[in-house]
Amino acid sequence: MATAANPAMNGAAFRAMLLRGIGVPIGLLAMLAMIVVPLPPLALDILFTFNIALSLLIVIAVFTVRKPLDFAIFPSVLLIATMFRLALNVASTRVVLINGHTGPSAAGHVIESFGEFVIGGDYAVGIIVFAILTIINFVVVTKGAGRISEVSARFTLDAMPGKQMAIDADLNAGLVTQDEARVRRAEVRAEADFYGSMDGASKFVRGDATAGILILVINIIGGIAIGTMAHDLAFGDASRVYTLLTVGDGLVAQIPALLLSTAVAVIVTRMSRDQDMGSEVAAKLFGDPRMLGVAAGVLGSLGLIPGMPNVAFLAMASLCGGGAWWAWQRQQRVAAEPAAALVTPAPTAADSKELSWEDVRPVDLIALEVGYRLVPLVDKAQGGELLARIRGVRRKLSQDLGFLISAVHIRDNLELAPNAYRINLSGVPIGESVIYPDRELAINPGRVFGTLQGIETRDPAFGMDAVWIETSLREHAQALGYTVVDATTVVATHLSHVVQLHAHELLGHEEVQQLLNAVARSTPKLVEDLVPKAVPLAVIVKVLQGLLVERIPIRNLRSILETIAEQASRTQDPQLLTAQVRVALSRQIVQDIAGMAGEIPVITLEPELEQLLTHSIVSGAASPGLEPGLAERLQTRLAESCRQQESLGQPAVLLVAPALRPTLARFLRAGVPSLHVIAWNEVPDNRRVRLVATVGR
């Protein structure tokens with residue numbers, strides 16, 4: 001219907017799409033035509049002017065983009081610009097050799113102007129100027145840019161695994177969403193592709209510089225030969241005319257080539273992070289009054305020496321001194337603003353009121369205390385990102401665990417070390433560490449290819465070896481295989497790990513009631529018949545807490561409640577109800593442990609040991625009645641088997657009898673936390689079991 005209603009608009013859209021699709025091929029064909037079809041001098045003037053304008057636009061674009069990936073098409077633009085300039089060289093060479101005997105204007109006014117005005121009509125000067133420009137382009141700019149491109153491409157490719165691991169760590173910690181992680185992975189791949197392309201594109205520029213030298217020599221020799229033999233010019237006249245035209249043609253092409261080489265060097269020397277290059281240069285060179293003051297002093301001293309150009313040195317010293325004074329005044333104004341905000345207000349009448357029960361505040365369920373140097377991390381006005389990261393951690397954990405994680409209360413604590421932080425749960429410290437906001441943490445994931453200089457430490461969340469390094473060493477550390485994160489990520493990951501370990505302590509009656517209210521909106525009869533008719537709310541709380549202790553999410557709350565409702569008439573014991581719920585959630589449990597693999601590698605106990613442990617559990621005893629030596633050997637051997645499985649990249653699973661599972665799970669939770677203890681009846685029918693180890697007495 002839309003097509004019939006507005007055919008003109010659709011036709012215009014189709015033509016625009018067609019032009020976009022064939023625009024580049026048409027441009028390439030036009031370049032080939034320039035090589036084959038003779039061009040008049042006026043067309044050469046227009047194309048040479050366009051070539052200079054295009055080079056200027058590319059240089060300006062390189063300086064204005066905030067990061068190299070914003071100009072990801074730069075290698076292709078560089079190739080097209082180089083091909084365009086070489087095609088112009090061929091076209092101008094044809095005109096110079098055919099019509100050069102008629103005079104300096106034979107190849108157009110642009111080449112004539114460069115031959116007459118820029119080098120003063122002296123072809124010897126022109127050759128020297130051309131040689132100097134070529135040396136600058138070929139030896140200095142192009143060679144340096146090519147080397148930087150090569151090294152950047154190699155280090156970027158080597159750093160890809162570390163960057164991918166950092167993204168996965170942020171995703172697992174809830175610091176980024178799936179969409180944000182997908183975008184960051186795409187940026188990592190695009191960065192590797194970009195620097196790989198720049199490594200090849202730098203060879204275009206180097207080859208272009210070499211071609212410029214060869215074209216100049218060939219044109220001079222060919223022009224002199226044609227002028228003397230075909231047009232009967234004297235050798236001196238032919239040398240002067242054709243050399244002047246050739247040098248003018250070479251300068252017209254060499255200046256845009258130098259601009260493009262500079263653009264390549266600028267974009268490969270830029271940092272990968274988002275930054276405004278103009279502002280950064282101004283801030284680093286002219287923003288520090290000390291640097292300007294020292295420069296003013298040195299220039300002023302040189303200006304006072306007799307025989308030196310006193311006026312020039314003293315004038316520049318005055319400019320630097322004025323800039324230093326202006327920068328110092330600006331710093332004083334900026335420093336005065338926070339000081340004014342920290343002025344303590346005068347006490348009011350409300351401060352002298354009597355105490356009441358409102359002044360007795362309950363203990364925060366989750367609290368984060370920070371030293372005074374870490375306050376900027378939680379202050380939005382100072383660019384702190386920790387609040388946003390903690391919000392992401394809460395969102396991720398709430399989605400994974402199945403209930404709303406309580407808010408994290410953050411406050412400063414002068415009793416802590418300046419760079420220390422502490423995580424409290426119900427007022428009790430459960431984790432603390434020291435971080436450095438001006439550094440980044442390079443974590444050793446198990447296999448790295450070198451060492452780093454910095455402050456050696458351990459990752460506070462998982463205890464892995466780590467080093468606090470300078471920010472400038474980030475890419476080098478990633479290339480060596482380290483996973484590099486900033487201080488904010490370290491705190492957020494530590495908080496996420498601690499909350500996961502103590503999730504059962506965060507789930508109380510109020511949270512369970514909110515979960516029941518949510519289920520009641522979709523299945524009201526289930527909740528109505530269950531609580532409090534079949535079981536009290538306290539039993540539901542205990543069952544859900546028992547699941548969280550075993551690292552089982554409670555997202556599938558409907559299945560959990562249905563299982564409790566079925567078993568409520570037989571028992572009200574939370575431990576027995578938890579065992580039945582585990583059987584109902586067996587597919588989820590095994591899926592979280594082994595993934596989609598159809599075969600589960602398991603560790604078992606020898607029959608004699610399992611029988612001994614089963615008999616030791618008498619009337620629901622809280623722990624197996626083992627003598628200390630046997631208990632220690634059992635824990636040690638299970639820990640060794642667990643490490644062997646983890647070294648193979650497989651989960652460590654202990655398969656035992658149903659009656660023994662709860663007791664062994666509690667016994668091994670502290671000593672072997674990564675070992676999953678499951679019962680025979682918790683293995684789904686569609687999964688096979690593969691025995692990998694048997695532990696005995």
Side-chain angles (χ1 to χ4, degrees), residues 162 165-166 169-170 172-176 338 363-394 396-397 405 407-446 448 450-478 480-502 673:
M165 291 175 63
D170 288 349
N172 294 332
L175 305 180
V176 296
V363 175
D364 296 328
L365 197 56
I366 310 176
L368 175 65
E369 299 177 348
V370 297
Y372 69 86
R373 287 185 183 172
L374 304 185
V375 171
L377 295 180
V378 298
D379 187 0
K380 289 184 179 179
Q382 301 184 50
E385 299 179 352
L386 186 55
L387 291 177
R389 295 291 183 91
I390 291 177
R391 220 170 7 249
V393 168
R394 289 184 60 214
K396 173 69 172 175
L397 291 178
I405 301 298
V408 180
H409 296 271
I410 305 175
R411 57 177 175 269
D412 60 334
N413 187 347
L414 296 179
E415 297 179 358
L416 293 175
N419 286 345
Y421 69 90
R422 178 185 295 161
I423 302 172
N424 296 335
L425 188 66
S426 299
V428 180
I430 56 174
E432 61 181 358
S433 186
V434 175
I435 61 174
Y436 299 88
D438 56 339
R439 292 173 174 257
E440 295 190 341
L441 186 65
I443 304 172
N444 183 351
V448 294
T451 58
L452 295 171
Q453 295 295 326
I455 304 173
E456 296 185 357
T457 183
R458 284 188 174 273
D459 169 36
F462 305 102
M464 293 187 291
D465 293 334
V467 182
W468 285 103
I469 61 173
E470 298 290 343
T471 306
S472 58
L473 297 177
R474 178 185 182 91
E475 295 187 0
H476 175 60
Q478 290 176 336
L480 293 178
Y482 287 86
T483 300
V484 184
V485 295
D486 56 20
T488 303
T489 304
V490 172
V491 179
T493 305
H494 191 189
L495 177 65
S496 174
H497 181 67
V498 167
V499 170
Q500 289 184 66
L501 290 179
H502 299 270

Quiz item: side chain to side chain contact (heavy atoms under 4.5 Å, CB included) between M464 and T483: does it pass, once the steps are laid out?
Solution: CA-CA 11 Å; M464 293 187 291; T483 300; over 6 Å; no
Quiz item: side chain to side chain donor-acceptor pair (under 3.5 Å) with Y421: which of E432, H494, E369?
Solution: H494
Quiz prompt | Heavy-atom donor-acceptor pair, Y482 side chain to G450 backbone, under 3.5 Å | solution = yes
Quiz item: Taking R439 for the side chain and W468 for the main chain, is one N or O donor matched with an acceptor at less than 3.5 Å?
Solution: yes
Quiz item: Taking C-beta and beyond as the side chain, do I390 and I410 meet within less than 4.5 Å on heavy atoms?
Solution: yes
Quiz prompt | Beyond-backbone contact of T471 with D438, side-chain heavy atoms, under 4.5 angstrom | solution = no
Practice problem: Nearest 0.5 Å please: distance from the NZ atom of K396 over to the CD1 atom of I405. | Solution: 13.0 Å
Self-check item: I423 side chain reached by P429 side chain, heavy atoms, under 4.5 Å
Solution: no
Quiz item: Would you say H497's side chain and A461's backbone share a donor-acceptor pair under 3.5 angstrom?
Solution: yes
Practice problem: Using a 4.5 Å cut-off on heavy atoms from C-beta on, say whether the side chain of L495 contacts that of I366. | Solution: yes
Quiz item: Is there a side-chain contact between L368 and V491, using heavy atoms and a 4.5 Å cut-off?
Solution: yes
Self-check item: Nearest-0.5 Å distance, OG1 of residue T488 to CD of residue E440
Solution: 10.0 Å
Quiz item: Rounded to the nearest 0.5 Å, what separation is found between the CD1 atom of I443 and the OG1 atom of T457?
Solution: 10.0 Å
Self-check item: Which atom of P437 lies closest to which atom of I435, heavy atoms considered
Solution: CD-O, 3.9 Å
Practice problem: Would you mind reporting whether L452 and H476 have side-chain heavy atoms less than 4.5 Å apart? | Solution: yes
Quiz item: Between the side chain of N444 and the main-chain N/O of G446, is any donor-acceptor distance below 3.5 Å?
Solution: yes
